[in-house]
Asks: 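Dropping a structure here in structure tokens format, bear with me for questions.
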Amino acid sequence: AIAAIRQVAASHEFDIKQACRVVEAIGELSPFDKIEAAVLMYPTLMNKDSFTLVLNQFPDDADRDNICHRLGVTVDESGAIVEHGKHNAARDKPAGGGGEA
């Protein structure tokens, strides 16, 4: 299932409701893959500010922290997503993209 998500995420954008549904469906199959799905979905979001809705699907703080660390993001006091660089899940994408900001 993750291979299919990886393929679709390489060429499509999703809204937050779609991302939440994908992450939830994958999570029913495998909790580990649920984390991977969340990481893969972030770069595809049309509105990354809503990513906290995806994070809220993870009851464990450690899982949310793991996802944020892998994406290079944090959630500030107001609940907003703050990006800390442009490495966001780049290693998870098979594309041969350059380092343009």
Asks: Tell me if a side-chain donor or acceptor on D15 pairs with a main-chain N or O of Q18 at a distance below 3.5 Å.
Replies: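 It does hold such a pair.
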
Asks: Of all the heavy-atom pairs spanning S50 and I16, show the shortest one and how long it is.
Replies: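 Reported closest heavy-atom pair: O-CD1, 3.3 Å.
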
Asks: Would you say the side-chain atoms of Q57 pair up with the backbone N or O of C20, donor to acceptor, closer than 3.5 Å?
Replies: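 Yes; judged by distance alone, with no hydrogens or angles, the pair exists.
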
Asks: Enter the distance from Q7:CD to L40:CG here, rounded to the nearest 0.5 Å.
Replies: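 Rounded to the nearest 0.5 Å, the CD-CG separation comes to 12.0 Å.
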
Asks: State which residue, out of L55, T74, D76, fulfils the side-chain contact (heavy atoms from CB on, under 4.5 Å) condition with I81.
Replies: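 Looking at L55, T74, D76, the match for I81 under the side-chain contact (heavy atoms from CB on, under 4.5 Å) is L55.
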
Asks: If Ile, Leu, Val, Met, Phe, Trp and Tyr residues are connected whenever their side-chain heavy atoms lie under 4.5 Å apart, and connections chain through other members, are F51 and V8 in the same group?
Replies: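 In one cluster: yes.
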
Asks: Taking NZ, NE, NH1 and NH2 as the nitrogens, is one of them in K34 or E24 under 4.0 Å from a carboxylate oxygen of the other?
Replies: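 Salt bridge flag = no for E24 with K34.
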
Asks: How many angstroms lie between CD in E83 and SG in C68, if you round to the nearest 0.5 Å?
Replies: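 One gets 11.0 Å once the value is rounded to the nearest 0.5 Å.
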
Asks: At their closest point, which heavy atom of A1 faces which heavy atom of I26, and how far apart are they?
Replies: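 Minimum heavy-atom contact is CB-CD1, 3.6 Å.
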
Asks: Can you measure from CD (E36) to CD1 (I67) and round to the nearest 0.5 angstrom?
Replies: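 Answer for the CD-CD1 pair, E36 versus I67, is 10.0 Å.
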
Asks: Taking N56 for the side chain and T52 for the main chain, is one N or O donor matched with an acceptor at less than 3.5 Å?
Replies: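 Answer holds: yes.
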
Asks: Hey, what do you get for CZ (F14) to CE (M41), rounding to the nearest 0.5 Å?
Replies: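 Rounded to the nearest 0.5 Å, the CZ-CE separation comes to 4.5 Å.
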
